[in-house]
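The block underneath contains the structure these notes are about, expressed in structure tokens.
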Amino acid sequence: MRKKFYITTPIYYVNARPHIGHSYTNIAADAAARFFRLKGVDTFFLTGTDEHGQKVEKAAREAGREVQEFVDELAGKFKDLWMTLNVCPDDFIRTTESRHIRAVEHVLNYLYEKGDIYKDSYTGWYCVPCETFWTDGQVLMENGKRLCPDCRREVDELTEENYFFRLSKYQDWLIRYIKEHPDFVKPEGRYNEVLSFLEKERLNDLCISRPKSRFSWGIEIPFSPDHITYVWFDALINYISALGYPEDTEEFTKFWPADIHLIGKDILRQHAIYWPIMLHALDLEIPYQIFAHGWWLVDNKGSAEKMSKSRGNIVDPYVMVEDFGVDVYRYFLLREIPLGVDGVFSYEAVVKRYNGDLANDFGNLVYRVLSMAEKYLKDGVVQFTERPKNRLVESLFDLKEKVDLEFSSLNFYEGLACIWDVINLANKFIEEEQPWTMRKEGRFDDLKRFMYILLETLRIVSACVYPIMPTTAGKVWEQLGMGADISQANWEKIFVWGVIPEGTKIKKYPPLFPRRDEE
Ligand code: MSP
């Protein structure tokens, strides 16, 4: 068993408000962190904001704001969203914080002294309106003129002096490392993508500075006051600066290397190529795994496109939460598609999951069992029964291994499917056993046994959905008289028969997921 679990999300650019794509990564990371905490593993979950760079500076300027004030406000919006979504990180790192700046300066000095960072000059093409530097291969040629590939305006030739990090020196090491660690990148398709890229192309050294004459919103290079640090080089370091690096803090010693860097597939190369090479050059350990999830797309007249600010097709998480509630939103994102693939987000799909899985299956089971408990148990008071041999109870206990296997590898899609098999079996069990007949025929021992099986089923099943739907799980436990603080539960103890004590009084709440009419 793992002794500790350190999971991170990307740190998000603060050039715009968060959307459902960002919330997807953080909800998945939160579910994983909750699961490991439930298992009693010492867990650290990190998220944060990426606040430097030209994009952010430009967004602030366009908003007519001071950059620092602008990033403060946006970082607050990310924090607020995580609170609303019940996403509970152990730390929130901002790249404008002094603890982070100190770590970046240390890394730069260390690599410069080691000779892995060097100065060079190069010539490229600069688009003044976009403030972007393009290489020969990137610019467009039209009527003998070189154009910016973004805005199609003419670009100027520019020679710059910059600092470079020797990526190329470590390419063969990285190929070997990846081959020796088949779980380093997940899912498997992404692993193959990284490896074949590395085997096909020679890496160029990475330009890690920008001249201050172009823009200045960044961390100054300690050995060159005319330059600031390239935003990606700065940002990746957050995963260690948050733990206190370069100090040998207790957190750094305990949690580094990270267990999982959870990211979107758009930023795989930076995480699976730049980052391990940076760490190796720094003589630090390499994270166990980079997990790249897919994108949420939106339908645009029959074809699916990525949700992004520039396309103006953003779905606002607050609108979804207002309409469906936090747990439904969390459930939908993690149940609709496996974490590695793309999915199309639509209101109709959420309603379908809601009415099917939540109202008809889970919500219905909870409400039915508690209604029967009120009706069939004297004063709604639980009567204990020894663990019986029966298919529902066996499948309930099989969940322990199945859910552990799936949730530990971030496969929420499959893990939830296994839980729903048991929920459906329990609904079927009620039909088959016909408690109303037991009562009519005066088979009170059977009725007592039947009720206890179902109450224990609710207890175990809701504990299993806790990482994904924490509030809902807590509400079920409350109704079972188990106390609301399900977060303090322990995975091993959940899978013990007979935890609901004899004499517990059941409290029935209104249905958790009342059916919605639209479909
Ligand atoms: N700041 C960098 C990351 C630095 S990490 C050291 C960055 N930020 S970002 O704001 O653009 O966020 C990118 C991340 O947001 C993606 O990797 C992904 O986790 C999430 N998503 C953004 N749009 C998304 C979708 N449409 N669908 C799913 N997730 C996506 O890149």
Side-chain angles (χ1 to χ4, degrees), residues 2 5-11 21 24-25 28-29 32 46 50 107 111 114 116-117 135 137-138 164-208 230-240 256-297 306 337-343 405-414:
R2 285 176 201 261
F5 182 67
Y6 177 30
I7 186 164
T8 68
T9 73
I11 48 172
Y24 181 47
T25 320
L46 177 71
D50 192 353
V107 167
L111 296 178
K114 195 176 170 185
D116 279 346
I117 287 179
T135 61
Q138 289 171 316
F164 291 81
F165 171 54
R166 294 191 197 279
L167 275 190
S168 56
K169 171 177 161 190
Y170 294 103
Q171 179 159 5
D172 294 337
W173 165 80
L174 184 60
I175 292 174
R176 244 180 298 119
Y177 182 86
I178 292 181
K179 283 188 171 161
E180 283 163 13
H181 297 84
D183 288 333
F184 178 55
V185 178
K186 286 273 168 194
E188 209 183 316
R190 302 278 164 224
Y191 175 92
N192 296 333
E193 187 183 309
V194 172
L195 195 58
S196 67
F197 172 80
L198 279 170
E199 286 185 321
K200 245 189 261 138
E201 306 210 11
R202 276 323 291 172
L203 289 177
N204 290 323
D205 288 345
L206 181 68
C207 179
I208 57 138
Y230 170 46
V231 67
W232 265 105
F233 194 84
D234 159 356
L236 288 161
I237 295 167
N238 89 87
Y239 300 130
I240 51 178
W256 191 257
D259 293 77
I260 299 182
H261 288 314
L262 181 61
I263 57 167
K265 64 178 183 180
D266 45 330
I267 53 177
L268 179 60
R269 209 165 279 185
Q270 290 88 341
H271 283 82
I273 298 179
Y274 301 173
W275 183 226
I277 291 183
M278 283 166 72
L279 289 164
H280 186 61
L282 284 167
D283 303 304
L284 293 176
E285 284 182 83
I286 312 304
Y288 293 114
Q289 190 170 91
I290 314 289
F291 193 116
H293 66 64
W295 283 341
W296 280 102
L297 310 169
K306 186 176 183 240
I337 49 164
L339 205 56
V341 306
D342 291 349
L405 183 77
E406 304 298 353
F407 283 6
S408 297
S409 48
L410 307 195
N411 197 352
F412 301 109
Y413 174 85
E414 257 318 309

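Remember, predicted model here, so these are calculated numbers, not experimental data.
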Supply the atom-to-atom distance Leu167 CG to Leu174 CG, rounded to the nearest 0.5 angstrom. 9.5 Å

Under 3.5 Å, side chain of Asp116 to main-chain N/O of Phe165, donor-acceptor pair present? no

Asn238 (side chain) donor-acceptor with Ala235 (main chain) under 3.5 angstrom: yes

Using a strict cut-off of less than 4.0 Å between a Lys/Arg side-chain nitrogen and an Asp/Glu carboxylate oxygen, indicate whether Arg190 and Asp183 qualify as a salt bridge. no

Would you call Leu203 and Leu198 a side-chain contact if the rule is heavy atoms closer than 4.5 Å? yes

If we ignore hydrogens and angles and just use 3.5 Å, is the side chain of Lys186 paired with the main-chain N or O of Tyr191 as donor and acceptor? no

Contacts satisfying salt bridge (charged side-chain N to carboxylate O under 4.0 Å, His left out) that involve residues 263-272 (not counting sequence neighbours) are Lys265-Asp342

I'd like to check Leu236 versus Tyr274 (side-chain heavy atoms, cut-off strictly below 4.5 Å). Are they in contact? yes

Would Tyr239 and His271 count as a close aromatic pair, with their ring centres under 6.0 Å? yes

4.5 Å side-chain heavy-atom contact, Thr25 and Ile263: no

Rounded to the nearest 0.5 Å, how far apart are CZ of Phe291 and NE2 of His293? 9.0 Å

Kindly say whether the aromatic ring centers of Tyr24 and Trp296 come within a distance under 6.0 Å. yes

Just wondering, do Tyr413 and Glu406 contact through their side chains at under 4.5 Å, heavy atoms? no

Flag side-chain contact, heavy atom, 4.5 Å: Leu268 against Ile290: yes

With a 4.5 Å limit on heavy-atom distance, are the side chains of Pro287 and Trp256 in contact? yes

Side-chain donor or acceptor of Gln171 paired with backbone N/O of Asn204 under 3.5 Å: no

What residues, two or more places apart in sequence or in another chain, satisfy ring pair (Phe, Tyr, Trp, His ring centres under 6.0 Å) together with Tyr177? Trp173, His181, Phe184

Shortest non-hydrogen contact between Pro276 and Ile286, atoms and distance: O-CD1, 3.6 Å

Locate the shortest heavy-atom distance separating Leu206 from Tyr230; write the atom from each residue and the value. CD1-CE2, 4.3 Å

